[in-house]
Each structure stands twice: as structure tokens, then as C-alpha cells.
Amino acid sequence: MKGQARITASVYSSHVPAIGAAIDLGKTGEPYWQPLFAGYEPSKQWMREHLPDVVFLVYNDHATNFDLGVIPTFAIGTAAEFEPADEGYGPRPVPKVVGHPELASHIAQSVIQQDFDLTIVNDLKVDHGLTVPMNLLFGSPAAWPVKVIPFHVNVVQYPVPSGARCFALGQAIRRAIESYDEPLKVQIWGTGGMSHQLQGPRAGLINAEWDNKFLDRLIADPKNLATLPHIEYVREAGSEGIELVMWLIARGAMADVTGGRAPTVAHRFFHVPASNTAVGHLILEENQP
Ligand code: DHB
Ligand code: FE
């Protein structure tokens, strides 16, 4: 036997589109942006030392690939390649994202048979929700150094999935990855968040205290954190704070959730301001049993 695929780490990061614009326009050294990018320098170093074969990247499309005509709750990208989407200013000048159709198809099969209804997407363009975290963790290479399985979650148009369902889905994804017959190193990323609200009278809302408690609980008590109802995210972290349910998919895929060893915190970072969003970032390294 060649060995099975395994999850080596989970990575969490906000996806603010203005971060992508700062990179594309050469502004990362400006005083406004410098502290934000400095916070990701240790992560890029860590990533070079812990490069996986595949990233299973949980993100949300922002009505760029999917619009109100089709609203999948959970969608898995099974294609060989994914081009950056045009989000209004032309596609970002980042490399195309190379997929892993075999592993993605296996995960689709396994997770659907575990009773999660995934939409299978063979034709997908990826927006800032996916490309900005890629830049933050890999910088701006000519080609991305890993294969990526994009996994979209609807957190834009209600009804959106609960944190509890996302957490359970993460466990199903772990089982799927661990039953793949090739010794691939796989990271699972949860992206979006932290607190932000882009519209209405509360536009600009940031709740740093709540965000930092969320990070504490994500590390130490994710099962409990997964029981938070939507209304608490919206009330405390703003309407777009609901993106944080995606982090629970990645956290649900870690070993300790089903009785294994607790992960090690390799890096933790929190920063305000970045556009309208509180930026949170965490790397949790899996420990071998
Ligand atoms: C911003 C944040 C987001 O998550 C997003 O999708 C769009 C804009 C912002 O902070 O400006
Ligand atoms: Fe967003």
C-alpha cells in the first residue's frame, strides 16, 4: 500500500479584496498596509517549510461565479483549472489555480455518501475570496506552488448553513481525505471574516474583542463554538461576519475533534484596519498520533 492522504494543518485567513488591490498596485509597503503584510511574513516562511501537495480551500464566491440565478449551499470545484474571475476591474493578475480532479471527485463521492449534498462544479472562476488568501500565504509567485480544491459555501444569500452543519461537514471531509489512496499532504483552509459589515446603518462595524474570543474558542473549544446561532454572528460581528462559519469547516477536519491530539498553534495574527474588515489569521498544525 502506498499510504493514504492526510491532513497536515488547517489555515484560517480573512480575504479582504482591497488586500488584493494593494498587492496588484504595488502598495504593500505603504504605512497603511505594511503592518498587515508583516503579520503574514511568518506564515509565508512556515508555508515554505510545510508545503502541502494540495490545499482544500473553503471560501465563498461573492456573486461573481455564482449569481442569484444559482445559489449552491456547498459546491466543490472538480476541474483541472480555475481562472481568476473578473470582479469589475478585470481579472486579477494572479496565476490560474490548478485543481486536483481525482482527489476532488473522491471527496465529492465520499462526502455525498455521508449525506452532505454538494454541488459539483466543473466550470468555476474564483474571486478574491480564494485568490487573496493564496497571495497572503504564498506571496506572488509566477505559478502557485500547490494544487487547490476550491470549496464554495453560500454565506451571501440567506438561508446560509449553520456553524454546526459546517463543523460536521469538516469531519466528513476529513474522513473523505483520509480514505484517498495516495500519500498526499493536504491542508484545509477556512477563509473570510472576521467582523465586518459592508452596508446599512452599522456599515464599518468591527468587534475586535468578539473576534479575539472567536479565535480563542476556535483553537480550544471548537465544538462549543460551532453551536453559535447565525444571529450572534450578525449581531456581534456584523452582517458579513457570517463568513466565519466557513472557518468551522476547516476546524471540524482536525484530529482532536474526533478524539485525536490537539493541534499546535503555529501562528496567530489579528489586525485592524484593512478596508472595512478585521483581519484574523491562524495556522493550526496537526500533531501525529
Ligand atoms: C470587504 C470585505 C469582504 O469580505 C468582501 O467580500 C468585500 C469587501 C471590505 O472589507 O471592504
Ligand atoms: Fe467577503
Side-chain angles (χ1 to χ4, degrees), residues 11-44 47 55 57-65 84-94 97 125-140 144 148 150-156 160 189-200 202-208 210-212 214-215 218 233-234 236-247 250 267-283:
V11 176
Y12 308 81
S13 176
S14 306
H15 67 210
V16 190
I19 294 175
I23 294 167
D24 300 343
L25 300 172
K27 295 184 172 178
T28 58
E30 291 190 356
Y32 181 87
W33 289 112
Q34 195 278 333
L36 179 279
F37 288 101
Y40 281 83
E41 279 307 316
S43 318
K44 286 195 278 183
M47 196 56 85
V55 171
L57 204 159
V58 180
Y59 79 108
N60 71 289
D61 180 84
H62 297 76
T64 40
N65 188 90
D86 183 345
E87 301 182 52
Y89 298 92
R92 290 193 58 218
V94 291
V97 172
K125 288 193 165 58
V126 289
D127 72 10
H128 66 271
L130 186 140
T131 61
V132 165
M134 290 285 284
N135 283 127
L136 286 171
L137 276 301
F138 296 124
S140 300
W144 299 120
V148 177
F151 190 89
H152 157 81
V153 181
N154 168 39
V155 287
V156 169
V160 306
W189 292 15
T191 63
M194 297 196 86
S195 57
H196 61 306
Q197 169 141 349
L198 300 177
Q199 68 274 304
R202 295 206 309 165
L205 176 143
I206 299 287
N207 188 344
W210 189 91
D211 286 336
N212 277 290
F214 186 94
L215 292 171
L218 189 77
Y233 288 90
V234 175
E236 300 296 332
S239 51
E240 277 64 50
I242 195 66
E243 289 178 343
L244 283 168
V245 295
M246 295 188 288
W247 293 30
H267 185 50
R268 175 175 173 161
F269 177 62
F270 181 80
H271 178 76
V272 178
S275 189
N276 303 293
T277 302
V279 167
H281 171 44
L282 203 55
I283 298 178

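- We find the OG-CG distance between Ser275 and Leu198 to be 7.5 Å, quoted to the nearest 0.5 Å.
- Side-chain atoms of Tyr59 do not come within 3.5 Å of backbone N or O of Val126 as any donor-acceptor pair.
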Item to complete: Go through the steps to decide whether Val16 and Val132 satisfy the test side chain to side chain contact (heavy atoms under 4.5 Å, CB included), and finish with yes or no.
Response: CA-CA 7 Å; Val16 190; Val132 165; 5.6 Å; no

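- Taking the six-membered ring wherever Trp is involved, the centroid distance between the rings of Trp189 and Phe138 falls below 6.0 Å.
- Taking NE2 from His271 and OG from Ser14, the interatomic distance works out to 10.5 Å, rounded to the nearest 0.5 Å.
- Put simply, the side chain of Asn135 reaches to within 4.5 Å of the side chain of Val94, judged on heavy atoms.
- Checked against a 6.0 Å centroid threshold, the rings of His152 and His62 do not count as neighbours.
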Item to complete: Give the C-alpha distance, both sets of side-chain angles, the deciding distance and a yes or no for side chain to side chain contact (heavy atoms under 4.5 Å, CB included) between His196 and Leu205.
Response: CA-CA 6 Å; His196 61 306; Leu205 176 143; over 6 Å; no

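- Side-chain contact check for Tyr32 versus Pro273: some heavy-atom pair is nearer than 4.5 Å.
- Taking each heavy atom of Ala85 and Thr64 in turn, the nearest pair found is CB-CB, 4.2 Å.
- Between Leu130 and Pro150, the closest heavy-atom pair is CD1-CB, 3.7 Å.
- Looking at Phe269 and Leu36, their side chains come closer than 4.5 Å, going by heavy atoms from C-beta outward.
- The nearest pair of heavy atoms linking Ala278 to Ile206 is N-CD1, 3.4 Å.
- In this structure the side chain of Val279 never reaches within 4.5 angstrom of the side chain of Phe270, judged on heavy atoms.
- Among all heavy-atom pairs drawn from Trp247 and Tyr12, the shortest one is O-CE2, 3.3 Å.
- Checked against the 6.0 Å centroid criterion, the rings of His281 and Tyr40 qualify as a close aromatic pair.
- Phe151 is not listed as a side-chain neighbour of Leu57, based on a closest heavy-atom distance of 4.5 Å or more.
- Asn154 places no side-chain N or O within donor-acceptor distance of the main-chain N or O of Val160, the cut-off being under 3.5 Å.
- Inter-residue side-chain proximity for Asn207 and Met194 is flagged as unmet; no heavy-atom pair is nearer than 4.5 Å.
- Nearest heavy-atom pair, His15 versus Gly129, reported as atom, atom and distance to 0.1 Å: ND1-CA, 3.5 Å.
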Discussion item. Apply side chain to side chain contact (heavy atoms under 4.5 Å, CB included) to residues Asn65 and Asp127 and explain how you reach the verdict.
Written reply: CA-CA 8 Å; Asn65 188 90; Asp127 72 10; over 6 Å; no

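- From Lys44, atom NZ reaches atom CE of Met47 across 11.5 Å, with rounding to the nearest 0.5 Å.
- Contact of the Met134 side chain with the Val148 side chain is registered, since non-hydrogen atoms from C-beta on lie closer than 4.5 Å.
- The residue from Arg92, His128, Lys125 that alone fulfils the side-chain hydrogen bond (donor to acceptor under 3.5 Å, both in side chains) condition with Glu87 is His128.
- A donor-acceptor distance shorter than 3.5 angstrom exists from the side chain of Gln197 to the backbone of Gln199, with no hydrogens or angles considered.
- In this structure the side chain of Ile19 reaches within 4.5 angstrom of the side chain of Trp33, judged on heavy atoms.
- Atoms OG1 and CG, from Thr191 and Asn60 in turn, are 6.5 Å apart once rounded to the nearest 0.5 Å.
- Atom OG1 in Thr131 sits 9.5 Å away from atom CG in Leu136 (nearest 0.5 Å).
- Minimum heavy-atom separation, Pro42 to His267: CG-CE1, 3.6 Å.
- For the atom pair CG (Leu218) and CG (Asn212), the distance works out to 12.0 Å, reported to the nearest 0.5 Å.
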